[in-house]
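Please read all numbers here as calculations on a predicted model, not as lab measurements.
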Amino acid sequence: MANWIDNLRKRTNKVSRNRATNIPFLRRIVTGSFYRVSSMKGDSSISTIKTQIDTMRALATDSQIATALSYYATDATTLNSAGQIIWATPIDPKYRDLADIINVKFKEWDINRYARDHILELATVGNLFLPTTAMYRQDGKLGRQMVSLDNNTIRDDKYEIITSTKILPENCLHLWYQGKPDGYTVERSDGRGVTRYDESAIIHFSLGGMLGEYTTSGTDGDGNEIELDIQFGQPLMAAATQPTQTLNLLEDALVLSSLTRIVRFINVDCGNAEEEEIQATLQEIKDMIEQQLSINTSTGDAQSYVNPQSPNNLIYLPKINGQDAISVLDMNMAEATDADNKLLEYYQDKKLSVLGVPKEAMNFSSAEGLGGAGAVMSQRSALYGNSLQRIETAYMEGWRSGINQYLIQHGMSGMVDKFQLHMNPIITQMSTVSAERRDGALNQASSITELLKSLGITDKNDYKSALTEILSEALPATGAAVSGWKIDLDEAGGEDNAF
């Protein structure tokens, strides 16, 4: 069967089956420019994705954007007390061995070494593609009917996830059909079209990536045209593009204006001297002030050079009737105004509002001051904390998918999703408030229990009703379980499950 999606060569969304013009599809699209980002939309979904990736790569070279991305990548990869960045726990004690196996595999895959680079890529372009050993064994000639085979029936004991290598997101597309994953296409290294892979070949980490926004066309096994969705997560800093571009233009304009203001006019009163004499005298004065002679002791040659203590470009002019011929104000070379500075500050604040990183953490002076609003940045900025949580969630979800694929390939499909993945929790103002609410609810539960005992209340339903009301909001799972508790009102003690 012909490769139904081997060549995405045209500028339309159509997946071509014609091999006559085998040109790489990612090199035929119209890419955007970092300085033309008012509309990051192309004439197809593929070109739009390519343009966004190019824009985000350029955006990441900005010093402030790079610093913000570094903060996110570093804070998301802090170690727990066991020295782990990400770790697994069983959903039930009987799956404890599975969690131990996953944690051992994390060590074998050198997660601690590569996790920061993974998350930096994920935050920069919104997507991270990691290859597996299956990618290097597949010949790329899988049709749709082969992709749909039950992978549980094919055991691959040599299947591994390769964490040290990433696939460039501009060269890779994750395809979905009717809401189900349908494999990947990757541009060939020789530039001759693309190669088709199934789901086991690549692990996709994505910052969101809801289906429906990006689509392409292909053909099924019967030659019928079908529409395929492309999953593409939105980059973390996508909203920073416009303010960053505007700020860069304003900064460039300010620098150019500063360079222009370096020109200085010195008006010299030359009296009634002749024009030729005035010109020679002014040139002599200029040379004396700005130039110095240097003698090479080896050769005896002499040369002049600009005095480094005179950085300004000085222009000497004779006064006319005792008045300055040209002044700085005449050339509109006055210093920058407060309005100019306020405009720069406005776009700087607008840019920082998108980054989420507290202003003082970017080495700006601010009212809070360094550390004045808390030692943890996620506490000082709700946006930073939420974005950091979004990154960690995407990273854990990517690994959940990857580990499930690993279990399936090794013939352990019964263990799929029998584990939970964790990273260090994000400390935010909301998490602090939630912790205080839980503590308060526990104190209230203890107090109401003592109150009911002191009043001689012996009906257990009264205790359960009061405890359910108190615990339901702060500890919903615990509050829901209160009705099943065996409450022992004997102060001396009770059953093992007594409250």
For Lys350, check salt bridge (charged side-chain N to carboxylate O under 4.0 Å, His left out) against everything at least two apart and list the hits. none
Can you sort out the partners of Asp117 under salt bridge (charged side-chain N to carboxylate O under 4.0 Å, His left out), two or more places apart, ordered by chain and number? none
When you compare the side chain of [Y] with that of [X], does any pair of heavy atoms fall below 4.5 Å?
X: Lys105; Y: Tyr406; value: yes
X: Gln348; Y: Gln64; value: yes
X: Ile230; Y: Ile46; value: yes
X: Arg390; Y: Asn386; value: no
X: Ile119; Y: Met423; value: yes
X: Asp182; Y: Arg196; value: yes
X: Arg137; Y: Ser200; value: no
X: Glu187; Y: Glu170; value: no

I'd like to know if the side chain of [X] and the backbone of [Y] have a donor-acceptor N/O pair within less than 3.5 Å.
X: Asn112; Y: Gly83; result: yes
X: Thr74; Y: Tyr71; result: no
X: Thr163; Y: Trp109; result: yes
X: Asn80; Y: Ile85; result: no
X: Ser387; Y: Leu383; result: yes
X: Tyr184; Y: Ile202; result: yes
X: Thr61; Y: Ala58; result: yes
X: Asn127; Y: Phe232; result: no
X: Thr133; Y: Glu160; result: yes
X: Asn404; Y: Val416; result: no

What distance separates [X] [atom1] from [Y] [atom2], expressed to the nearest 0.5 Å?
X: Asp229; Y: Met210; atom1: CG; atom2: CE; value: 10.5 Å
X: Thr78; Y: Glu392; atom1: OG1; atom2: CD; value: 7.0 Å
X: Leu421; Y: Ile102; atom1: CG; atom2: CD1; value: 6.5 Å
X: Ser70; Y: Ile65; atom1: OG; atom2: CD1; value: 12.5 Å
X: Phe129; Y: Ile203; atom1: CZ; atom2: CD1; value: 11.5 Å

Report the C-alpha separation of Ile162 and Leu130 in whole Å, then their side-chain angles, then the decisive distance to 0.1 Å, and conclude whether the side-chain contact (heavy atoms from CB on, under 4.5 Å) test is met. CA-CA 6 Å; Ile162 304 174; Leu130 296 183; over 6 Å; no
Walk me through whether Arg188 and Thr195 qualify under side-chain hydrogen bond (donor to acceptor under 3.5 Å, both in side chains). CA-CA 6 Å; Arg188 293 171 180 157; Thr195 302; 3.1 Å; yes
Heavy-atom closest pair (Pro131 atom, Thr165 atom, distance to 0.1 Å) is CD-O, 3.1 Å
Could you report the tightest heavy-atom contact between Ala394 and Ser206, atom names first, then the distance? CB-O, 3.4 Å
What's the verdict on side-chain hydrogen bond (donor to acceptor under 3.5 Å, both in side chains) for Gln242 and Thr246, showing C-alpha distance, side-chain angles and the deciding distance? CA-CA 6 Å; Gln242 188 273 334; Thr246 304; 3.1 Å; yes
Apply side-chain hydrogen bond (donor to acceptor under 3.5 Å, both in side chains) to Asp62 and Thr244, showing your working. CA-CA 8 Å; Asp62 178 84; Thr244 300; 5.3 Å; no
Check step by step if salt bridge (charged side-chain N to carboxylate O under 4.0 Å, His left out) holds for Arg113 and Glu108. CA-CA 11 Å; Arg113 176 185 296 181; Glu108 291 182 3; over 6 Å; no
Should the pair Glu345-Lys351 be classified as a salt bridge under the 4.0 Å nitrogen-to-oxygen rule? no
Take the angle between the ring planes of Trp399 and Phe106 and call it parallel below 30°, perpendicular above 60°, tilted in between. perpendicular
Taking the six-membered ring for Trp, are His174 and His204 parallel (under 30°), tilted (30 to 60°) or perpendicular (over 60°)? perpendicular
